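I'd like to ask some things about the structure below.
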Amino acid sequence: MELLQLQSHRMIELLLCLLFFFFQATASSSFTPSDQYLINCGSSKSASAADDDREFQGDSNSKYLSATSSITVNDPNPLPDTSPLYRTARLFTGPSSYHFPLQSNGTLVVRLHFYPVSCQEYNVSSFTFDVSVSGFQLLSNFNVQNTNSTPKEYFLKPTDNKLEILFSPSRSSPSSFAFVNAIEVFSTPDDLIADSVSYIPTQSSDYNGLLEQALETRYRINVGGLKITPSNDTLWRTWVPDEGYLKEPEAAKKAPQNLNINYERVGVSPLIAPPFVYGTAQEMNTDNQSFAQNFNITWLFPVNPGDEHLVRLHFCDILIGASNQLVFHVYINFEYAIQKFDLSRLTNGFRSAPYYIDFIVNSDHSEHIKVSVGPTDQGKNAFLNGVEIMKVYAAPGSVSHSNSKKPTRVLIGLASGGGLVLICVVVVVCLLVFNCIKQMKQKPKPRGSLLGSPLSVYRESTDSRTEVYRSPHLNLGLVLSFAELQSATNNFDMGLLIGSGGFGNVYEGVLREGTKVAVKRCRHDSSQGLHEFLAEIRLLSKIYHRHLVSLIGYCEENSEMILVYEFMDNGTLRNHLYGEDLPCLSWKQRLEICIGSARGIHYLHTCSAQGIVHRDVKSANILLDQKYLAKVADFGLSRSVPNDHSNVLSTNVKGSFGYLDPEYFKRHHLTQKSDVYSFGVVLVEVLCAKPVIDLSLPREEVNLTEWALGFQKKGLLMEIIDPRLKGTVNPNSLRKFGETAEKCLAEYGDDRPTMGEVLWNLEYALQLQETAMHREPHQDSTVTVFESPLMNVRRLPSASTAAESDDLGTSDACSDAVSGIVFSQLMGSEGR
């Protein structure tokens with residue numbers, strides 16, 4: 001047996017080496033499905049989900065819909081946080097279907113969104129109906145009992161080149177309808193699900209023909225981490241935290257987070273699970289003295305007795321100080337799934353290398369699937385990173401599984417132990433669990449942090465709050481207590497609400513020593529993820545600039561995620577240009593605001609060898625303090641630019657409609673010039689004081705940028721400036737400003753200036769305006785001076801300079817400040 005195991009290990013190591021070269025080129029690339037259909041049902045308009053930036057097309061005139069009779073309903077008074085996809089629905093009075101042609105013959109993801117749209121004519125929540133997909137009866141007498149908007153997700157492989165989704169109202173109720181809010185259909189990577197899987201409890205056999213069945217996702221768990229939303233997942237999946245499934249929460253503790261996952265080392269693609277799954281884990285809480293030396297961590301997942309499920313377990317050794325020979329047991333339903341699981345051997349000794357294992361599990365008469373990890377020897381550790389559980393629907397006319405004696409996977413060879421060992425393990429585990437429960441009843445549960453150790457590296461070593469507050473901008477890792485922030489905001493009084501965004505509400509507050517702050521509190525149903533919270537702290541605690549919004553501190557106590565920023569009294573630039581009844585900004589003020597914003601963005605671009613691209617520059621993300629000093633905010637989409645000659649990052653397109661760089665949109669190549677283009681759009685906004693997209697205007701005026709560029713090229717810019725500025729703008733200053741905006745808006749990035757050059761030109765425009773203000777009325781104010789620059793114009797540092805002379809932070813500290821996406825939408829309710 002040992003010889004067989006050794007040979008098997010050598011075979012898998014050879015296979016991993018071969019796969020390494022293949023996945024090295026593909027693991028980090030984004031996935032583009034060969035087939036993809038996103039349908040916004042019951043609407044003629046496109047929409048995006050609240051936690052997803054993909055566009056769902058309306059189905060009112062859809063060629064995919066075959067309905068004998070259908071009705072569209074629309075929620076007339078939706079709640080503010082209701083997803084646009086859930087404000088409409090299509091109702092079917094009889095059997096009706098959608099037909100989607102397919103280019104590939106592989107496995108598909110089918111997600112069906114059901115949400116009881118509120119309307120007077122129909123009680124949608126009372127409907128019962130059936131749903132079948134290409135012959136699989138997936139829902140029978142289905143009813144949406146509550147407002148839980150979690151979609152039904154299925155994996156299946158159609159037998160022909162089309163997919164049919166059939167909705168049938170219940171026959172038992174003649175007044176019942178079927179309905180659906182949205183549909184997703186897209187192809188998966190070929191290797192996402194294997195056809196042959198190890199079977200439990202009959203360990204001598206494999207489950208064959210899995211790809212002929214349909215799978216329904218029942219649980220997708222990010223062990224040790226927070227919720228991951230579709231916009232943060234490689235396949236637009238949702239992962240939920242594991243706290244509610246732990247049998248004994250005190251038996252586990254969160255491992256310190258590590259998002260630097262070595263996918264390429266072992267040939268596991270990020271499409272299997274994103275770094276935010278493999279980068280978090282629960283490990284044994286050996287510090288808890290109420291447990292014996294050898295105990296297990298157990299998760300319980302409710303299921304229907306007798307159903308078969310695919311159970312996928314995710315592992316990645318991110319433990320600090322763990323031995324390279326970390327070995328532990330893995331159990332499913334208190335039976336060995338893997339005995340002496342040696343992860344370091346399977347990953348060829350590489351740390352932070354991901355690995356996953358699949359099993360088919362029959363729950364028999366049990367109402368739970370139980371997943372456990374435990375040590376092999378006294379004092380050893382065990383951990384788990386993620387769990388996925390999918391119910392298996394047998395194909396019409398097929399049997400559930402095969403007991404053919406085919407060679408099993410390498411891991412099954414490790415799972416031998418004998419019936420006597422199994423009985424002993426079950427008895428010992430039961431005794432330990434009983435003992436633990438008895439002791440826990442006698443001892444109060446400690447208050448735990450939701451994030452715990454992932455943020456511990458940012459904690460200050462001193463508890464002296466007063467000393468830190470004397471210089472808040474230079475102590476950005478400060479941990480604030482929840483009680484302090486409750487007091488600062490009068491228990492988060494809605495009367496102090498100053499804004500709301502995707503992360504949560506923003507409140508005005510005053511800290512105990514008198515510092516005025518903006519307190520941003522995460523909603524528990526927030527679409528933002530843990531990595532954004534951490535990365536915001538990483539970025540803003542490493543760099544400081546007077547034209548970037550400063551982070552005062554954060555709180556991660558009692559399942560809370562709260563960020564505290566300096567208070568910006570005058571809100572967003574957007575609100576001062578249009579949309580709010582606020583005093584008009586003078587031309588000089590507008591120039592100074594543009595200059596300050598350009599300085600902040602220029603600093604991001606040059607603060608390290610790589611630099612940071614903001615990726616969401618817009619007027620709503622430029623905030624103004626009490627003296628109208630401009631500061632750039634909302635780093636939710638920011639990314640580091642690679643340190644090579646190309647200075648290009650290939651990535652999915654992110655940003656705000658109307659501000660997107662057209663070259664980035666077409667080629668998915670992100671550069672610093674993408675920020676330059678977006679800033680050019682802001683310059684046009686500043687000039688005209690109009691929204692960048694206004695569908696209520698005539699067709700030629702809908703896109704502000706295109707409309708304004710036409711006037712700029714004709715030399716008629718004065719005709720479209722904000723009417724409130726008429727008679728106060730020097731033509732030479734306006735001309736320089738217009739030329740700068742036009743260069744920023746060049747179609748190709750190579751034709752655009754750097755932010756350093758933009759900054760110099762804007763200061764030049766301000767100098768021209770101030771010089772004109774001191775001229776006598778009879779002096780000619782239209783003299784062209786661009787070919788002879790004023791001698792007293794101060795030139796700024798070149799783009800290669802790391803920071804300006806007024807920067808208070810260290811520029812060399814931000815090279816590793818951004819490991820991913822960060823965010824800080826502070827003021828106003830505008831989304832991206």
Side-chain angles (χ1 to χ4, degrees), residues 259-260 458 473 476 528 531-551 563 565 596-618 621-623 630-656 659-661 664 668-680 682 744 749 752-759 796-804 807-826 832:
L259 298 180
N260 297 319
Y458 298 103
H473 298 320
L476 301 174
Q528 310 288 1
H531 71 291
E532 296 174 334
F533 180 64
L534 296 175
E536 178 82 1
I537 298 169
R538 289 192 187 103
L539 175 64
L540 293 181
S541 63
K542 295 282 188 177
I543 63 175
Y544 172 72
H545 191 279
R546 65 181 306 208
H547 292 290
L548 300 180
V549 170
S550 296
L551 180 70
L563 295 167
Y565 304 87
S597 306
R599 284 177 178 169
I601 300 170
H602 175 63
Y603 175 73
L604 287 176
H605 288 183
T606 59
C607 68
S608 69
Q610 283 194 311
I612 302 166
V613 177
H614 186 282
R615 206 158 54 146
D616 200 19
V617 174
K618 59 182 179 181
N621 289 339
I622 296 173
L623 307 185
K631 301 198 177 191
V632 180
D634 198 343
F635 301 90
L637 302 178
S638 300
R639 293 291 298 271
S640 296
V641 178
N643 185 17
D644 58 26
H645 68 281
S646 65
N647 209 34
V648 170
L649 177 67
S650 294
T651 179
N652 291 333
V653 176
K654 300 284 186 179
S656 296
Y659 297 86
L660 278 176
D661 168 15
Y664 170 42
H668 291 209
H669 287 174
L670 179 66
T671 70
Q672 294 178 356
K673 297 298 183 69
S674 300
D675 279 353
V676 173
Y677 181 91
S678 301
F679 189 73
V682 173
C744 291
R752 300 171 201 151
T754 64
M755 282 307 301
E757 293 167 337
V758 172
L759 182 54
L796 295 177
S798 67
S800 61
T801 306
E804 302 172 352
D807 296 342
L808 302 182
T810 57
S811 61
D812 59 346
C814 79
S815 60
D816 61 347
V818 179
S819 64
I821 305 173
V822 293
F823 67 97
S824 62
Q825 188 173 341
L826 306 181
R832 294 195 184 101

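Values in this document were obtained by computation on a predicted structure and should not be read as measured data.
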Short side-chain to backbone donor-acceptor contact, His614 and Asp634, under 3.5 Å: yes

About how many Å separate CD1 of Ile601 and CD of Gln672, when rounded to the nearest 0.5 Å? 11.0 Å

Taking Ser656 for the side chain and Asp616 for the main chain, is one N or O donor matched with an acceptor at less than 3.5 Å? no

So CG of Asp675 and OH of Tyr659: to nearest 0.5 Å the spacing works out to 13.5 Å

Compare every heavy atom of Glu757 with every heavy atom of Thr754, then report the nearest pair and how far apart it is. N-OE1, 2.9 Å

How far apart are the closest heavy atoms of Cys744 and Pro753, and which atoms are they? N-CD, 4.0 Å

Just verifying a value: how many Å separate Lys631 NZ and Arg599 CZ, rounded to the nearest 0.5 Å? 13.0 Å

Using a 3.5 Å distance criterion without hydrogens, assess whether the side chain of His547 forms a donor-acceptor pair with backbone atoms of Ala630. yes

Rounded to the nearest 0.5 Å, what separation is found between the CZ atom of Arg615 and the CG atom of Leu660? 10.0 Å

Inter-residue atom distance Lys618.NZ - Ser597.OG, 0.5 Å rounding: 14.5 Å

Rounded to the nearest 0.5 Å, what separates atom OG in Ser678 from atom NZ in Lys673? 13.5 Å

The single option from Asn621, Val632, Leu623 that satisfies side chain to side chain contact (heavy atoms under 4.5 Å, CB included) with Val549 is Leu623

Closest non-hydrogen atom pair between Leu759 and Ala598, with its separation: CD1-CB, 3.9 Å

What pairs with Ser674 under side-chain hydrogen bond (donor to acceptor under 3.5 Å, both in side chains), at least two apart in sequence or on another chain? Asp661

